[in-house]
Amino acid sequence: MLLLPSLFSLIRNSVEVYELAMVSRTSSRYAASTAASLVSTPSERCNLTTKFIHPKSRTGPQIPLPKSPRNDGKMNVNDALAQFDKMLQMQTQPPVSSFNTLLGTVAKAKKYEDLFFMFNRMVEANLLPEYIGMNILINSYCDLKRVALGFAVMGGMLKRGYHPNIVTFTSLIKGLCVEDKIGDAVGLLRKIIRMGVYPNVKTWGTLVTGLCRSGNAGVALRLHEELVNGNVGFGLRFKPSLIYYSCLIDGLCKEGFVEKGKELFSEMEGRGISPDVVAYGALIHGLCKMGEWEQAKGFFIHMMDRGIRPNVMTFNMLIDALCKEGKTNEASGLLEMMIRRGEKPDSITFNTLMDGYCLEGRLNDARELFVSMAAKGHERDIETYNVLMNGYCKCHKLKEAMDLFNEMLCKEYKPTVITFNILLTGLFQAGKVEDARKLYSKMKDHDLTPDSATYSILLDGFGKNNCPDEAIDLFRSLEKSGHKLNSLNCNCLLDGLCKAGQLDLASELFARFPEMGLVPTVYTYSIMINGFCKDGQLEKANNLFLEMENKGCAPDVVTFNTLMRGFCNNNDAPKVVELLQKMAKRKFSPDSYTASIVVDLLSKDKSYSKFLQLIPRFSNKG
DNA sequence: GTAGGGTTAG
């Protein structure tokens with residue numbers, strides 16, 4: 001879990017973004033106009049702006065960013081903009097801090113177009129923002145995932161004699177984190193410490209959040225522990241916020257370290273920070289995902305006892321967990337409870353419960369809920385339709401699914417790629433290839449581009465419905481158009497080819513994996529092994545089994561079952577027993593398919609029963 | 001009210 005040895009050796013090869021920023025004014029051709037105005041000294045500006053002229057500008061160096069509509073109800077921003085206009089026209093220039101206040105207001109509201117417009121007008125009026133204004137701009141670029149521009153502005157800052165401070169660097173660290181450049185973020189942090197600029201609780205909070213979001217919660221935890229206990233830290237002087245803790249707990253839970261999440265939760269309380277509905281939510285969600293339903297319920301009750309009102313999200317995650325456990329009646333009870341408590345369910349609540357009913361095959365209950373939504377004035381969304389259509393498809397009620405699709409279109413809900421993927425899967429499974437073809441051809445009418453899943457569904461569907469040529473044609477046309485195919489796509493085609501008896505073509509495709517930049521997965525091998533077995537080529541199947549092991553791809557129960565079925569059908573009992581032993585040695589649990597193979601073996605010849613004695617796991621199961 | 005972290009659900 002703790003991936004790296006110590007705090008400041010987190011990442012070794014960080015890109016030297018900082019130096020880079022010192023020498024390059026900007027790394028981006030467009031959207032850099034504002035930055036360009038500010039990285040230069042006034043005397044240079046004339047020269048520079050021509051380089052960074054906005055592509056649509058014909059009149060000069062100023063950037064004609066349109067004013068965004070001012071009718072969105074955000075009075076603060078509108079007031080700020082009106083005030084800004086007034087201030088620019090005043091005879092005596094107001095202090096720069098007044099301008100900064102307005103810039104800050106607009107930046108906080110994330111009205112970036114307005115913000116850039118303001119900056120440009122200031123530059124026009126020869127009012128170059130000083131370092132606070134530039135910090136606002138840097139932070140905005142970072143929020144917009146344009147950290148390179150942030151660095152460019154910092155370069156301009158240095159040039160104009162301002163010293164970037166910890167606020168500047170915190171923004172840049174955030175920017176690197178949101179662009180998923182965690183290594184660079186850590187590198188920058190190390191650098192500023194060497195420069196004598198010391199990070200504070202917000203800087204550390206930024207990094208911890210960034211680490212959690214990028215799937216490095218273990219590192220975040222290590223960092224946190226160092227800050228609280230370690231040499232570089234502050235001990236009790238380090239006072240992270242409730243949000244900081246919520247991020248960390250959530251990150252840990254999402255990566256499966258729920259116990260650590262619980263510890264952090266206690267630590268937080270021990271430091272006098274009271275958890276809120278979000279902190280509880282992060283923990284409850286983590287426990288639900290781990291199947292720790294009782295513990296999740298315990299925290300749920302605990303939070304209510306403490307007077308923390310569960311909100312719609314809290315209920316939704318609990319309803320989802322109950323549905324996944326097959327406890328739809330209890331889930332429905334929770335829905336009633338939330339309504340009783342005055343918490344309004346949203347479309348996610350209903351979609352989740354409907355999905356639970358569908359999973360249990362309770363289509364009528366799902367339908368009833370669907371109908372009741374409209375009756376009770378709850379908004380449906382596209383996902384509501386997707387869930388119910390998926391339920392119908394999974395229960396082979398294709399007519400109901402398609403009727404719902406048409407109803408949805410009549411009501412002007414816009415289908416998504418997922419809608420099509422659900423219906424295509426259903427149609428292929430029901431053998432309705434012609435309907436699937438027609439539906440697929442309609443995707444473009446809805447301005448939808450098939451995604452990788454769509455192609456897998458098609459490749460698989462054509463193959464399984466005796467249309468291998470269509471699958472091959474599709475595959476070839478995708479390759480020709482430069483579409484990057486993944487191993488799942490290829491596995492679907494491989495399986496179809498094998499099932500259609502086109503083993504040569506399958507082998508050819510399998511051999512092309514490396515050239516396509518793909519690594520065969522356990523599914524790939526199982527598919528090929530199955531193909532060879534079905535074709536009676538047991539030796540090839542066995543070789544492939546050995547090959548996958550040598551290449552470090554561990555076979556799973558399906559691989560074992562596939563190969564054993566092959567040998568069993570070929571009356572090679574010793575080989576089956578050998579594989580059974582191998583399975584037992586690796587502590588694989590045989591499943592019902594394994595059992596059927598053994599039963600088959602016994603029915604062929606009772607003398608094989610002596611082999612069964614060798615498999616304790618198996619004989620114990622009775 | 002001169003700048004920086006920002007969280008839970010299908």
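What you see is a predicted model; the values in this text were computed from it and never measured.
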Tell me: CZ of Phe119(A) to P of dA3(B), nearest whole Å?
12 Å
Parallel, tilted or perpendicular, judged at 30° and 60°: which one describes the rings of His224(A) and Tyr244(A)?
tilted
Test your reading of the model: is there a side-chain donor-acceptor pair from Arg380(A) to the backbone of Phe370(A), 3.5 Å cut-off?
yes
Please give, in whole Å, the distance from dT2(B) P to Leu103(A) CG?
13 Å
Under 3.5 Å donor-acceptor, Glu400(A) side chain and Tyr392(A) backbone:
no
So the salt bridge (charged side-chain N to carboxylate O under 4.0 Å, His left out) pairs with at least one residue in residues 313-329 of chain A (sequence neighbours excluded) are Lys289(A)-Asp320(A), Asp320(A)-Lys324(A), Glu325(A)-Lys327(A)
Expressed in angstrom and rounded to an integer, what is the separation of Asn165(A) atom CG from dT2(B) atom P?
16 Å
Any carboxylate oxygen within less than 4.0 angstrom of a Lys/Arg side-chain nitrogen, looking at Asp85(A) and Arg121(A)?
yes
Answer with yes or no after comparing the ring centroid distance for Phe299(A) and His285(A) against a 6.0 Å cut-off, counting only values under it.
no
Can you name the one residue among Asp143(A), Asn139(A), Thr206(A), Thr203(A) that meets side-chain hydrogen bond (donor to acceptor under 3.5 Å, both in side chains) with Ser171(A)?
Asn139(A)
Roughly how far apart, to the nearest Å, are dA9(B) and dG5(B) at atom C1'?
23 Å
Quick one, which residues of residues 357-375 of chain A touch DNA chain B with a heavy atom under 4.0 Å?
none
When every nucleotide of nucleotides 4-10 of chain B is labelled 5' to 3' by its protein contacts under 4.0 Å (heavy atoms), B for base, S for sugar-phosphate only, - for none, what sequence of letters results?
BBBBBBB
Between Tyr162(A) (OH) and dT2(B) (P), how many Å, whole number?
18 Å
How is Ile136(A) classified with respect to the nucleic acid when contacts are heavy atoms under 4.0 Å: base, sugar-phosphate, or nothing?
sugar-phosphate
Check the surroundings of atom CG in Asn364(A): do more than 12 heavy atoms from other residues, nucleotides or ligands lie under 6.0 Å from it?
no
